[in-house]
Structure formats: C-alpha cells, structure tokens
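Heads up, the thing below is written out as structure tokens.
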Amino acid sequence: MNSTRVTPLCVWVAMLLSYASASAQSMAPDLGRVGQSDTLRRDQVIADVVRHNDRAAAARFMEEAERAKIGPAGAWDDPMLMAGVVNLPNSFDFREDMMTMTMVGVSQRWPYAGQKGLEAKAQAARAASAHEEARAITQDLVTAATLAYVDLYYHRRILADLESQRAIQEEIVASTLSRLSSNLAGQDEVLAAQAALWRLDAEILSHEADLRTTASTLNALRGADVDSPLPALADPTPGEWPEGTGLWLTLAEQEYAPMRRLRSQSDSYGFSAQAARRMSWPMLDLSANYGFRRDIPEEKRPSMMGFSATFTLPIFAGRQQRQMALSMAAMQRQSQLEAQQLRRNVEATLSTLHEHGRHMRESLALYRDRILPADTNAYRSALSGYAANRVPFTALLAYATAVYQDRITLTQTANELARLQAEVDRYTSDPDRWLSTQDSENER
C-alpha cells in the first residue's frame, strides 16, 4: 500500500522539490543572461526612443525654433534712406531758387540704452528653457520606456514561474487521479487539484495579456511596429543603494529638467524686465543728409549737408514700459518661488523613494534568505506527513502553492524596486548625454 501511495508521486515530488530549491537562490544570478548577442539592453531601448520617438524629435525642433530667434531679438532697427527735393518752386524750375536742392539722407535709431542686447539675452534664456523642455520630454519618454522594459522583463519571469508550477500541478492532478482509482484518495482531492490547476491557467492568461500590452507599449515608445517580437531582456535589477539622498538631490539640482527650466525662465523674465526699463529711456535717432544744388551760368552753387539728433519724450510709452518691467519682475519672482518649491518637492520625493527602496531591498532579502527556504522545508515536512497519512492533501497542496506564490511575490517586489530606480533616474540622470549620442550618430 505504501508503495502504491508513494510511487505515483515520485516524478512530481522531484520536480517540485527542484523548483522550490531553485526558488531559494539569489535573485541576481538568474534574472537574465546579460552579454548574449541577442539580448536587448536598456541602453539600446533608450537609444531607440531618442532616435525614433516623434515626440522627442518635435521637442528638439521647438528648441531649434527658439534658438533661431536669438539673432533677430538683438538686431538693430533698419536704417532709413531718404531721397527727394527740397525748396522747389511751384514752377518746377530747379534753377529758379538758389535753395532748391536734390537731397539724399540716412537716419538710424541708436539703441544706446542697451535694450537690444538685453532682449537677445532674454531670448537666449527662452531658448535654454525650450532646451530644458526637450530634456524633460526626453526624460519622460526614457522613464516610460524603462518602466515598460522592467515590467516586460518581470512579466516574463512570472510567466515562466507559472508555467513551471503548472507542470507540477498537472503531475499533482495525475497523482490524485491515480490514487482515486486505487481508492487511496477521495473525489475532493481530485477536484481541489484540478481547481488549483485551472487557477494557474487563469493567472497565466492574465499575465500573457499584460505581457502583450507591455511589449506593445515598449515597441511604440521605441518607434517600432507594436507587434514586433522582442528578444530576451538584460537584467534590470538596480545596483547598490546609497545610504542617504544627498547625492541624488545634488544630481537633481544639476540635471532635473523642470528645475533647470524654471531657472531659465527666471533669467528670461529678468532680462526682459531690464530691457523694458531701458526702453522707458528717451529714444535717440541720428540722421544725416546731403543736398545737391544746380549751378547757374552766373553763379556756382555749393552743395549742402545737414546732421540732426532727435530724442523722443517717453511721457506715455515710458509709463507703459515701466509697467511692463514690473510685470516681468513679478513673473521672475514667480519662477524663482516655483523653483524653490519644486526643489522641496523633489527632495521629499527622493526621500520617499529612498525609504521605499530600502524597505523593498530588506523584503527581498527576507523572501530570498528566509521565507522561501522556510516554504521549502515546510513543504518537505508536509510531503512526509502526507505519505504517512498524517497531513491531508489540501494542506500539502497549500504548502506546494505557497512556494510559487512567494516566488512570484519575490519577483514582483524586485519589479517594484526596479521601477523605483527608474523613477529615481528621472530626477538624477542627464538626458543630454542621450541627445548628444544621437547627434553624433546623425553626423556619422
């Protein structure tokens, strides 16, 4: 009888023990096969996003448009050329009056107040703000692609775990059917085993749908066909976790595009305020003319020259420009305060991410080093008890199920940790290095 009970179980017991033992190993060695020629890496995904995503390209064109405005913003007003006749009698005789002259002249508005240079600096700051907007869009796209990459990697791992467990569950169903035919098990054991198998099938279908959705999202971000097959993915597990957030905050102040954009906006408003104040000064116009007089037989008439300088009286326009300067100064202060508040928000966010990451790493260590080994030992003990008729089948099934469920929890926690690292990179990474890499490839 004992031989009849144990022998049909030997195959699935060996498979389950092997699987449970593998579950207790470290996450790092088995999360992917880095270095294979057919492995898709995160850097390649980022390069594809920068190269092929049209939203990133559109942002760079907007930056290019703003930079093209710098020169015109600082350009002087065009000179005015004058030509005509002065002091011409109504007889239209050019020799009748000695003051009749054919005159040419030129006039030029002289921006002595320096407002043109300030306007050029303001436009340069606006171009810098557009550059930061392009960096922010690039960073958002890279983060979205990284999150899709991470989710796809771990969805594949979970699906592999479920497929392995399904094979074991099929053996359990087969064993219960064999025991039922020998009157060693009841119908309830068979139904419980089959229900567990069908629950696995439902989970597999759900994860397959999630996997297809994530793969389509990743392909769309890369600018590829949504149904393009994706090769194996490299391990996205983050490296060492810092002790504090000091380095992250320093990098965020240097690299986080929204903070840099607010600083550029503040500079632009400041230069515009200075330019408006300068434009409330009197405007200076310089002009010169040369008059040609025609000689008569009795007299040689010399030509004549004239010079003039005119100043506007900024009675009405000056008040308008001063009010504009006050408006620009208020907008500058608004940008400065937004930048200060954004820095505090980023500091709080990074602190939260750091704390969550620390707890996730501790949780990973608990699952890897304690929970999964304990699950394995509990299952082995239950298996011995089941063979000796001391443990019911439902308890054995629960112990077997706990192994793969905790394995999936371990994988999901690793997924959350990798996603958290991608969020940290949103604040601390430099999108310019990807843009410069793309520019170098375009030049080649």
Side-chain angles (χ1 to χ4, degrees), residues 26-28 31-32 34 41-43 45-46 49-50 128-129 131-151 153-154 221 234-267 333-370 409-437:
S26 172
M27 290 287 290
L31 286 183
V34 181
R41 298 178 177 276
R42 176 174 174 267
D43 290 345
V45 169
I46 293 174
V49 169
V50 175
S129 178
H131 174 67
E132 296 307 325
E133 185 67 25
R135 291 175 81 249
I137 290 175
T138 300
Q139 185 61 78
D140 288 343
L141 291 171
V142 167
T143 301
T146 301
L147 293 175
Y149 177 93
V150 167
D151 288 344
Y153 177 86
Y154 285 106
L221 288 167
D235 181 2
T237 304
E240 293 297 324
W241 207 249
E243 293 295 329
T245 60
L247 178 60
W248 286 356
L249 186 59
T250 300
L251 290 173
E253 291 177 340
Q254 296 173 356
E255 307 296 350
Y256 189 44
M259 287 193 352
R260 290 173 45 145
R261 181 174 58 83
L262 286 172
R263 290 196 290 266
S264 297
Q265 280 185 351
S266 176
D267 292 341
R333 184 58 180 157
Q334 174 247 341
S335 295
Q336 291 172 346
L337 292 176
E338 281 192 11
Q340 293 175 12
Q341 184 60 47
L342 180 59
R343 185 193 181 281
R344 286 191 286 267
N345 294 344
V346 168
E347 183 177 8
T349 300
L350 290 177
S351 178
T352 301
L353 292 174
H354 181 272
E355 189 68 13
H356 287 175
R358 186 174 65 83
H359 287 299
M360 285 181 188
R361 294 175 71 87
E362 292 175 358
S363 179
L364 281 174
L366 282 173
Y367 270 94
R368 182 179 59 240
D369 302 331
R370 296 185 181 183
T409 301
L410 176 65
T411 304
Q412 289 173 338
T413 304
N415 186 5
E416 291 300 318
L417 182 61
R419 289 177 62 88
L420 188 146
Q421 182 64 62
E423 292 295 337
V424 172
D425 291 342
R426 182 199 297 272
Y427 295 96
T428 59
S429 60
D430 179 16
D432 280 337
R433 64 188 177 92
W434 300 317
L435 295 173
S436 60
T437 300

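Y256 is linked by a ring-ring contact (aromatic ring centres under 6.0 Å, His included) to Y427, counting only residues two or more places apart in sequence or in another chain. Not counting sequence neighbours, the partners of E416 by the side-chain contact (heavy atoms from CB on, under 4.5 Å) test are M360, R419. Legend: residues meeting side chain to side chain donor-acceptor pair (under 3.5 Å) with S429, ordered by chain and number and at least two apart, are Q139. Applying the side-chain contact (heavy atoms from CB on, under 4.5 Å) rule to A418 yields the partners V150, Y154, P238; only residues at least two apart in sequence or on another chain are considered. The salt bridge (Lys or Arg N to Asp or Glu O under 4.0 Å) test applied to R426 returns D140, E423, not counting sequence neighbours. Residues satisfying the side-chain contact (heavy atoms from CB on, under 4.5 Å) test with A365, not counting sequence neighbours, are R368, D369. Evaluation of the side-chain contact (heavy atoms from CB on, under 4.5 Å) rule for A144 yields L221 as partners, not counting sequence neighbours. Checked against salt bridge (Lys or Arg N to Asp or Glu O under 4.0 Å), D267 has no partners two or more places apart in sequence or in another chain. Scored by the side chain to side chain donor-acceptor pair (under 3.5 Å) test, D43 finds no partners at all (sequence neighbours excluded).
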Subject >> side chain to side chain contact (heavy atoms under 4.5 Å, CB included) between T146 and V45, intermediate numbers included >> reply: CA-CA 8 Å; T146 301; V45 169; over 6 Å; no
Subject >> Stepwise side chain to side chain contact (heavy atoms under 4.5 Å, CB included) check, L262 with M259 >> reply: CA-CA 5 Å; L262 286 172; M259 287 193 352; 5.8 Å; no
Subject >> From CA spacing to verdict: salt bridge (charged side-chain N to carboxylate O under 4.0 Å, His left out), D425, R42 >> reply: CA-CA 13 Å; D425 291 342; R42 176 174 174 267; 3.5 Å; yes
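Rounded to the nearest 0.5 Å, atoms OG1 (T352) and CD (E347) are 10.5 Å apart. The distance from the CG atom of L364 to the OG1 atom of T237 is 8.5 Å, given to the nearest 0.5 Å. In this structure, CD in E133 is found 8.5 Å from CD in Q265, a value given to the nearest 0.5 Å. If you take OH on Y367 and OG1 on T413, they are separated by 6.0 Å, rounding to the nearest 0.5 Å. Taken from CG in L420 to NE2 in H359, the straight-line distance is 11.5 Å, to the nearest 0.5 Å. Considering OH of Y149 and CD1 of I46, their distance stands at 9.5 Å, rounded to 0.5 Å.
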Please list, one pair per line, the donor and acceptor atoms closer than 3.5 Å that link side chains of residues 247-255 to other protein atoms, with sequence neighbours excluded.
from	atom 1	to	atom 2	distance (Å)
T250	OG1	G246	O	3.0
E253	OE2	R343	NE	2.3
E253	OE2	R343	NH2	2.7
E255	OE1	R135	NH2	3.3

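Nearest heavy atoms, L350 versus T245: O-CG2, 3.7 Å. Between R41 and A234, the closest heavy-atom pair is CG-CB, 4.1 Å. Of all heavy-atom pairs between D151 and N415, the closest is OD1-OD1, 3.2 Å. Residues A257 and A136 approach most closely at CB-N, 3.5 Å, considering heavy atoms. Residue W241 comes nearest to Q421 through the heavy atom pair CZ3-OE1, 3.2 Å, listed as atom of the first residue, atom of the second, then distance. The two residues L147 and A422 make their nearest non-hydrogen contact at CD2-CB, 3.8 Å.
Pairs of residues two or more places apart, or lying in two chains, that qualify as salt bridge (charged side-chain N to carboxylate O under 4.0 Å, His left out) and include a residue from residues 349-360 are E355-R358, R358-E362.
Side chains of Q334 and E338: a donor on one and an acceptor on the other come within 3.5 Å.
Applying the side chain to side chain donor-acceptor pair (under 3.5 Å) test between E132 and each of R260, R261, R263 identifies R260 as the sole match.
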